Amino acid sequence: MLDIKQLRRRPDDFKRALGRRGLDAPLDEFIELDRKLREVIAESEEKKAWRNRASGEIAAARRAGIDATDKIKASRKLGEMIKALDLMARDIEKQLDDIVLELPNPPLDDVPDGADESGNVQVRAWGSPAGFDFKPRPHWEIGASLDIIDQERGSKVAESRFTLLKGAGARLERALINFFLNLHTTEHGYTELFPPILINSESMRGTGQLSKFAGQEMYKLRDDDLYLNPTAEVPVTNIYRDEILAEEDLPVYVTAYLPSFRREAGAAGRDTRGLIRQHQFNKVELVKFVRPETSSGELEALTLNAEEVLKRLELPFRTVSLCAGDLGFAAAKTYDLEVWLPSYSGYKEISSCSNFLDFQARRLNIRYRSGGGKPRFVHTLNGSGLAVGRTFAAIIENYQNEDGSVTVPEALKDYMGMERIG
RNA sequence: GGAGAGGUGGCAGAGUUGGUUGAAUGCGGCGGUCUCGAAAACCGUUGUGCCUCUACCCGGGGCACCGAGGGUUCGAAUCCCUCCCUCUCCGCCA
């Protein structure tokens with residue numbers, strides 16, 4: 001959520017910044033409604049002050065045994081007017097919310113221009129895709145022939161886009177989760193969390209997952225006000241909702257492994273095979289709560305933490321800075337990590353690291369007390385570190401051998417208890 | 001799932017015959033006195049949001065907030081309704 005006071009003060013700046021996203025924000029309408037709202041509030045509060053005074057006088061009169069019927073009558077009339085004004089205020093507020101909650105975060109200045117994916121800019125690349133002296137196969141074929149990925153039976157138990165992992169496959173999934181968490185907790189200074197997997201609508205709204213457009217993606221429980229976790233960003237960022245943190249507690253670094261569920265509405269026909277786009281997938285998330293002055297550097301550090309995972313696994317990847325038009329709703333700046341996948345003959349997103357500035361914190365009301373002064377909003381950041389299924393696929397494809405076996409990456413040998421699969 | 005108790009300021013804990021109670025008191029925190037310094041003692045101070053005045057800050061005035069939402073009333077932390085949560089006992093289970 002944007003800062004309404006800032007919006008009020010310099011709407012043109014916001015209009016320009018949001019324009020970089022290709023958005024024509026209805027800010028004129030906002031300014032007009034906002035002006036009207038304050039007018040109504042002022043009138044209502046003035047009448048309330050009057051009523052409060054009258055109530056005191058009625059009390060005093062009663063104690064003195066004086067009749068106050070006329071005062072009570074006048075006060076009653078005032079009450080009706082106040083009720084009407086408050087109703088009007090609430091209506092205007094609702095209209096304002098409808099506008100403000102749909103306004104995305106303005107991009108930071110160093111975010112490249114561009115309307116879509118094609119405007120993204122590579123900032124660095126690591127490793128080089130291995131050449132194969134045989135025809136490399138996609139991970140779903142290798143997985144099937146090694147009998148470690150079973151998509152038919154996954155579908156039998158649930159439906160399509162659900163997968164059954166078997167034997168070394170199940171072991172690899174678990175190994176990756178452990179490896180990620182161990183790296184981040186022991187070497188990168190993150191505290192491990194294991195939050196609830198079912199999430200209430202208030203938390204979903206807080207991080208923006210429940211806005212008009214995004215609501216389609218979530219699995220909702222029929223009998224309860226709960227959703228299946230779409231990304232650990234939601235439960236983890238919400239842990240401090242409505243809290244004021246002590247400045248000395250910042251920065252907070254937390255990491256969490258959590259199964260994630262998405263309906264993938266609108267993705268029909270895309271990535272239909274293999275582990276790339278599943279309804280249920282595992283992910284290790286990195287989340288930071290930081291002081292505003294530090295968030296820019298914290299994003300660089302968080303991105304490097306995610307990159308480190310790929311380096312340890314010796315998987316070639318590149319890092320791209322998303323252009324203004326490709327940024328997610330709440331992000332002011334995002335780096336995507338893309339891993340090399342032979343089956344795509346290209347790079348595929350495996351992590352997305354974003355700085356939200358105070359956009360999420362304002363909506364979630366997460367603040368910290370600076371010195372002895374007023375509470376200020378923290379900045380929040382998050383990134384995948386990493387998506388487990390896509391890492392699984394990348395390992396199978398990049399480490400495949402001509403005989404159909406897969407070499408276990410050095411970093412995973414202890415976790416796997418084997419040097420090769422198959 | 002059954003029965004009961006309860007949700008008040010950073011914490012603890014008053015206040016429920018409705019009326020200067022934003023809320024006693026204690027602790028903690030901050031500032032000061034004292035001290036070479038510290039402790040103790042004493043004095044003062046100590047919530048958040050919004051509206052408004054002044055040029056932003058500081059400050060002044062106002063409104064709101066005692067789990068959430070609604071209701072009764074001139075007036076509600078105090079009465080009524082709905083929901084949420086916590087605790088205790090029983091049952092059940094991992």
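Quick caveat: nothing in here was measured; it's all calculated off a predicted structure.
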Atom pairs and distances, side-chain donor-acceptor, residues 412-419 of chain A, under 3.5 Å, sequence neighbours left out:
unit_1  : atom_1 : unit_2  : atom_2 : d
K413(A) : NZ     : E410(A) : OE1    : 3.0
Y415(A) : OH     : N182(A) : ND2    : 2.9

Return a table of donor-acceptor pairs under 3.5 angstrom between the side chains of residues 377-392 of chain A and protein atoms on other chains or two or more places apart.
unit_1  : atom_1 : unit_2  : atom_2 : d
H379(A) : ND1    : S295(A) : OG     : 2.9
T380(A) : OG1    : Q360(A) : OE1    : 2.7
N382(A) : ND2    : E233(A) : OE1    : 3.4
N382(A) : ND2    : E233(A) : OE2    : 3.4
S384(A) : OG     : S352(A) : N      : 3.2
R390(A) : NE     : I276(A) : O      : 2.9
R390(A) : NH1    : E349(A) : O      : 2.9
R390(A) : NH2    : I276(A) : O      : 3.1
T391(A) : OG1    : A387(A) : O      : 2.6

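Of all the residues in residues 25-35 of chain A, not one reaches under 4.0 Å from RNA chain B with any non-hydrogen atom.
By the side chain to side chain contact (heavy atoms under 4.5 Å, CB included) test, A17(A) is found to be paired with P106(A), residues two or more places apart in sequence or in another chain being considered. Residues satisfying the side chain to side chain contact (heavy atoms under 4.5 Å, CB included) criterion with E93(A), sequence neighbours excluded, are L37(A). Applying the side chain to side chain contact (heavy atoms under 4.5 Å, CB included) rule to R273(A) yields the partners W140(A); only residues at least two apart in sequence or on another chain are considered. Residues passing the salt bridge (Lys or Arg N to Asp or Glu O under 4.0 Å) test with E264(A) are R277(A), sequence neighbours excluded. Applying the side chain to side chain contact (heavy atoms under 4.5 Å, CB included) rule to K15(A) yields the partners D24(A), L27(A), D28(A); only residues at least two apart in sequence or on another chain are considered.
Separation of the C1' atoms belonging to A55(B) and C74(B) is 41 Å when rounded to the nearest angstrom. Across C27(B) and U73(B), the matching C1' atoms stand 38 Å from one another, rounded to whole Å. Separation of the C1' atoms belonging to G7(B) and A14(B) is 15 Å when rounded to the nearest angstrom.
Residue L37(A) contributes atom CG, which lies 13 Å from atom P of C50(B) at whole-angstrom precision. Distance CD (E243(A)) to C1' (U48(B)): 15 Å, rounded to an integer number of Å. A straight line from CG of D86(A) to P of C50(B) spans 18 Å, rounded to a whole angstrom. As a whole-Å value, the separation of Y368(A) OH from U48(B) P is 15 Å.
For R38(A) and C51(B), the shortest distance from a side-chain N or O to OP1 or OP2 is not below 4.0 Å. Not one side-chain nitrogen or oxygen of R369(A) sits closer than 4.0 Å to the OP1 or OP2 atom of G10(B).
Among the protein residues, R8(A) comes within range of the sugar-phosphate backbone only, with heavy atoms under 4.0 Å from sugar or phosphate atoms but none that close to a base. Within 4.0 Å of S75(A), counting heavy atoms only, lie sugar-phosphate atoms of the nucleic acid but no base atom. Residue K47(A) is out of contact with every strand shown, counting any heavy-atom pair closer than 4.0 Å.
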Going 5' to 3' along nucleotides 53-71 of chain B, which nucleotides have protein heavy atoms under 4.0 Å from the base (write B), which only from the sugar-phosphate (write S), and which from neither (write -)? ---------BBS-----S-

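For residues 166-182 of chain A, the salt bridge (charged side-chain N to carboxylate O under 4.0 Å, His left out) pairs, not counting sequence neighbours, are D147(A)-K166(A). Residue pairs meeting the salt bridge (charged side-chain N to carboxylate O under 4.0 Å, His left out) criterion with at least one partner in residues 184-193 of chain A, sequence neighbours excluded, are E187(A)-R312(A).
Consecutive Watson-Crick or G-U pairs involving RNA chain B, each under 3.5 Å on both distances, make up stems of three or more pairs at B:1-7 with B:84-90, B:10-12 with B:25-27, B:28-33 with B:41-46, B:47-53 with B:59-65, B:67-71 with B:79-83.
Checking G19(B), U48(B), U52(B) against every side-chain atom of A59(A), the shortest atom distance belongs to G19(B).
With Y219(A) as the partner, the side-chain contact (heavy atoms from CB on, under 4.5 Å) test is satisfied by one option alone out of Q280(A), H279(A), R262(A): H279(A). For the side-chain contact (heavy atoms from CB on, under 4.5 Å) test with I350(A), the passing option among V309(A), D336(A), L310(A) is L310(A); the others fail.
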Checking side chain to side chain donor-acceptor pair (under 3.5 Å) for the pair Y227(A)/N200(A): CA distance, chi angles, key distance, verdict? CA-CA 6 Å; Y227(A) 297 76; N200(A) 61 35; over 6 Å; no

